[in-house]
Amino acid sequence: MHQINPELLTKSKQWRHDIQFSQEVLGKPFNFTSTWGIFSPEKLDDGSLMLLDYIDFQTQDNSIDLGCGYGVLGMTAARECPKGHHLLIDKDFVAIEYAKLNCKNNGLGNAEVMLSNGFYHVDKSRQFSLVMSNLPAKASKEQHYLYLLDAYNAMTSGGRFYVVTINGLRDFMKRSFTEVFGNADKIKQGKTYTVTMAIKES
């Protein structure tokens, strides 16, 4: 009978424990709890950190973090925009559990976390002045278009939609933002990632 390597069994017990780390975001620390199976569990990913450096946070913004993972974009908006309300959504129920925990543990009472496939489960009456997303490269172009179209309908006039993507998607983002919003602004292109922004002009 096959015997599983006991060292592997010992390691697997460690892997089942929550991962906890602290990291500074915009010069102030956050404490995070995550787990294997969600994106970038041991440290904040470079794309999200780059995006946060270029978002123009305004005190009264009401924001939505589209595909929040364990929460860093929405958490940062909640801290930087204390007079607004901030919604974090993801279609992964595990990510949602950890985003809720991280918002609670960092004292972010103006943040709300919910399970939703894109905007599908978001109240249609809600309006956002700030939309943020670290768009996954593996999502289909059809899914990306649905995100943009639904965001447009949920945004206030003058609202801003910021995305970070791998550089290979930058031309697609410029084209799709222009198709939906009528404008697109490449805010920053780095070695790996590009930050693009569109404004709802009417």
Side-chain angles (χ1 to χ4, degrees), residues 1-55 63-80 86-122 131-144 146-147 162-169 190-195:
M1 183 177 176
H2 174 69
Q3 297 259 327
I4 298 176
N5 185 330
E7 184 180 347
L8 181 59
L9 293 173
T10 300
K11 286 182 177 179
S12 73
K13 291 179 182 178
Q14 298 170 345
W15 296 335
R16 295 182 197 282
H17 294 158
D18 282 345
I19 299 165
Q20 296 185 322
F21 65 95
S22 296
Q23 195 166 343
E24 284 197 356
V25 179
L26 302 182
K28 303 170 194 170
F30 272 138
N31 297 314
F32 295 99
T33 303
S34 69
T35 189
W36 296 109
I38 52 180
F39 179 59
S40 193
E42 295 184 289
K43 63 174 185 173
L44 298 177
D45 68 287
D46 292 338
S48 291
L49 291 171
M50 178 179 172
L51 176 59
L52 288 167
D53 278 339
Y54 290 94
I55 292 176
S63 80
I64 184 165
D65 177 354
L66 182 57
C68 64
Y70 52 82
V72 63
L73 301 182
M75 291 168 61
T76 304
R79 187 176 67 186
E80 300 296 316
H86 307 279
L87 180 62
L88 291 71
I89 61 173
D90 202 292
K91 62 181 180 180
D92 183 334
F93 75 93
V94 179
I96 289 299
E97 287 182 14
Y98 284 89
K100 286 180 178 178
L101 183 64
N102 288 326
C103 287
K104 179 182 177 182
N105 288 346
N106 287 276
L108 301 169
N110 59 340
E112 173 190 358
V113 184
M114 67 177 286
L115 187 68
S116 182
N117 183 16
F119 282 81
Y120 187 78
H121 297 92
V122 178
V131 181
M132 307 165 291
S133 188
N134 183 344
L135 283 176
K138 293 180 180 178
S140 67
K141 290 185 177 181
E142 292 84 355
Q143 185 65 67
H144 284 152
L146 289 173
Y147 289 156
Y162 290 87
V163 298
V164 63
T165 61
I166 60 169
N167 285 340
L169 284 176
K191 186 184 295 186
T192 306
Y193 301 101
T194 299
V195 175

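Numbering starts at 1 and runs along the sequence shown. Remember, predicted model here, so these are calculated numbers, not experimental data.
No more than 12 heavy atoms of other residues, nucleotides or ligands sit less than 6.0 Å from atom CD1 of Ile4. Within 6.0 Å of the CZ atom in Phe21, the count of heavy atoms belonging to other residues, nucleotides or ligands exceeds 12.
Taking the side chain as every heavy atom from C-beta outward, Tyr70 and Leu44 approach each other to under 4.5 Å. Under the 4.5 Å side-chain criterion, counting only non-hydrogen atoms from C-beta, Leu51 is in contact with Leu73. Taking the side chain as every heavy atom from C-beta outward, Leu49 and Gln23 approach each other to under 4.5 Å. Using a 4.5 Å heavy-atom cutoff, the side chains of Asn134 and Phe39 are in contact. Here the side chains of Met75 and Cys103 are in contact, with some heavy-atom distance below 4.5 Å. Side-chain contact between Thr165 and Tyr193 is absent, with no heavy atoms from C-beta onward closer than 4.5 Å.
To the nearest 0.5 Å, atom OG1 of residue Thr33 and atom NZ of residue Lys104 are 11.5 Å apart. Within the model, atoms CD1 of Ile89 and OH of Tyr120 stand 13.5 Å from one another, a figure rounded to the nearest 0.5 Å. Note that CG of Leu135 is 4.5 Å distant from NE2 of His144, once rounded to the nearest 0.5 Å. Atom-to-atom distance recorded for Thr76:OG1 and Met132:CE is 8.0 Å, nearest 0.5 angstrom.
Ring orientation note: the planes of Phe30 and Phe32 are nearly perpendicular, at an angle over 60° on the 30°/60° scale.
For the side chain to side chain contact (heavy atoms under 4.5 Å, CB included) with Val131, the qualifying choice from Val163, Ile64, Asp65 is Ile64, the only one to do so.
Asn117 places no side-chain N or O within 3.5 Å of a backbone atom of Lys91 that could act as its donor or acceptor partner.
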- Query: Hey, mind stepping through His121 and Leu115 against side chain to side chain contact (heavy atoms under 4.5 Å, CB included) and telling me if it holds?
  - Reply: CA-CA 8 Å; His121 297 92; Leu115 187 68; over 6 Å; no

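Between the side chains of Thr35 and Asp18, no donor-acceptor pair of N or O atoms lies under 3.5 Å.
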